[in-house]
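These notes are about the structure you will find just below.
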Amino acid sequence: MNTPRTRTLVVSRVFNAPLDLVWRTWTDAELVMQWWGPDNFTCPFAKIDLREGGTSVVCMRAPKEYGGQDMFSAWNYRKIVPMKSLEFIQHMADKDGNRVDPKALGLPPEFPSDTRTIVTFEAVSADETKLVVSQFDMPSADSVFGKNAELGLNQSVDKMQAIFART
């Protein structure tokens, strides 16, 4: 039996934080810079253009031991329902948000050119919010990139917890 080449990667958390704060972690550049990227990576730059048709650009900086390079991603918003959901197409970019072919950056062949992403927000109570991030047509979990993508997304979402602990 063949394993599927792609899958929907879903990461979900319930945070001890109100809905408006969890929403802002995705829509406020200063907050995005605190969690974007897996453990030991930083986000030195984020520009948010939160409107349907708008494009946000975020930078993920590798630690020195992994080369220290900056990698930019653009989020092209398709649909925004305030305090409920964000739908965007994510792709590799330059610092201005212009599309860059992942292969030109030395990324593996299975790295998707476009990743459809839907982020949903649901108030569980006044002080708890459920966040679900779904990335479609991602490489299967049996590929190196597929495993790293899942690990990185989980670590990024886990880094949000530090934001909520400070407030």
Side-chain angles (χ1 to χ4, degrees), residues 3-13 22-81 85-121 131-160 162-163:
T3 55
R5 294 186 56 201
T6 62
R7 64 180 168 144
T8 300
L9 173 57
V10 178
V11 170
S12 174
R13 298 285 187 284
V22 178
W23 172 261
R24 285 189 324 221
T25 63
W26 283 85
T27 60
D28 179 307
E30 293 299 317
L31 292 176
V32 170
M33 290 170 54
Q34 294 177 41
W35 66 265
W36 179 253
D39 290 352
N40 301 314
F41 285 68
T42 61
C43 178
F45 173 83
K47 181 184 89 174
I48 305 298
D49 182 6
L50 188 67
R51 60 187 173 85
E52 291 180 5
T55 299
S56 291
V57 179
V58 293
C59 176
M60 180 176 71
R61 180 171 291 159
K64 288 192 190 306
E65 60 268 23
Y66 294 134
Q69 74 276 15
D70 288 346
M71 296 180 67
F72 294 87
S73 296
W75 303 344
N76 302 118
Y77 296 103
R78 297 282 176 93
K79 185 174 183 183
I80 298 170
V81 180
S85 66
L86 298 168
E87 182 174 348
F88 55 91
I89 303 297
Q90 180 178 326
H91 59 82
M92 299 308 296
D94 63 17
K95 65 180 175 53
D96 298 315
N98 299 306
R99 178 181 296 278
V100 173
D101 184 342
K103 291 173 196 68
L105 298 172
L107 295 167
E110 70 267 20
F111 194 101
S113 293
D114 291 310
T115 302
R116 181 173 164 246
T117 303
I118 298 177
V119 184
T120 61
F121 307 81
L131 172 77
V132 179
V133 182
S134 301
Q135 294 183 327
F136 299 87
D137 298 319
M138 291 295 288
S140 65
D142 61 351
S143 74
V144 172
F145 175 72
K147 288 177 190 168
N148 287 339
E150 185 169 356
L151 178 64
L153 182 57
N154 272 294
Q155 289 177 349
S156 293
V157 172
D158 286 344
K159 285 165 67 174
M160 289 180 187
I163 295 168

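Residue indices begin at 1 and follow the sequence shown. Just so we're clear, the structure is a prediction, and the values are computed from it rather than from any experiment.
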**Asked** Under 3.5 Å, side chain of W36 to main-chain N/O of V58, donor-acceptor pair present?
**Response** no

**N/O donor-acceptor pair under 3.5 Å between T8 side chain and Q135 backbone** = no

**Asked** How long is the gap from OG1 on T25 to CG on L131, to the nearest 0.5 Å?
**Response** 6.5 Å

**Prompt:** Which heavy atom in M138 sits nearest to a heavy atom in A149, and how many Å separate them?
**Reply:** CE-CB, 3.6 Å

**Fill in**
Heavy atoms of P112 and P102 approach each other most closely as O-CG, 3.8 Å

**Message:** salt bridge (charged side-chain N to carboxylate O under 4.0 Å, His left out), that's the test. Do R51 and D49 meet it? Break it down for me.
**Reply:** CA-CA 6 Å; R51 60 187 173 85; D49 182 6; 2.9 Å; yes

**Message:** Looking at every non-hydrogen atom in both residues, tell me the closest pair between I48 and D28 and how far apart they are.
**Reply:** CG1-C, 4.3 Å

**Distance in Å, L105 CG paired with Q69 CD, rounded so as to fall on 0.5 Å steps** = 9.5 Å

**Request:** Take atom NZ of K47 as the centre, draw a 6.0 Å sphere, and report whether it contains more than 12 heavy atoms from other residues, nucleotides or ligands.
**Result:** no

**Inter-residue atom distance L153.CG - D158.CG, 0.5 Å rounding** = 9.5 Å

**Prompt:** Should we count CZ of R99 as having more than 12 external heavy atoms under 6.0 Å?
**Reply:** yes

**Request:** Give every residue pair that meets the ring pair (Phe, Tyr, Trp, His ring centres under 6.0 Å) criterion with at least one member in residues 85-104, sequence neighbours excluded.
**Result:** W75-F88, Y77-F88

**Prompt:** Judged by atom type as modelled, is there a donor-acceptor pair below 3.5 Å linking the side chain of S156 to the main-chain atoms of G37?
**Reply:** yes

**Request:** First locate atom CE of M92, then atom CE of M71, and finally report the distance between them rounded to the nearest 0.5 Å.
**Result:** 3.5 Å

**Prompt:** Under 3.5 Å, side chain of E52 to main-chain N/O of I80, donor-acceptor pair present?
**Reply:** yes

**Asked** Can you tell me how far the CG atom of L86 sits from the CH2 atom of W26, to the nearest 0.5 Å?
**Response** 7.5 Å

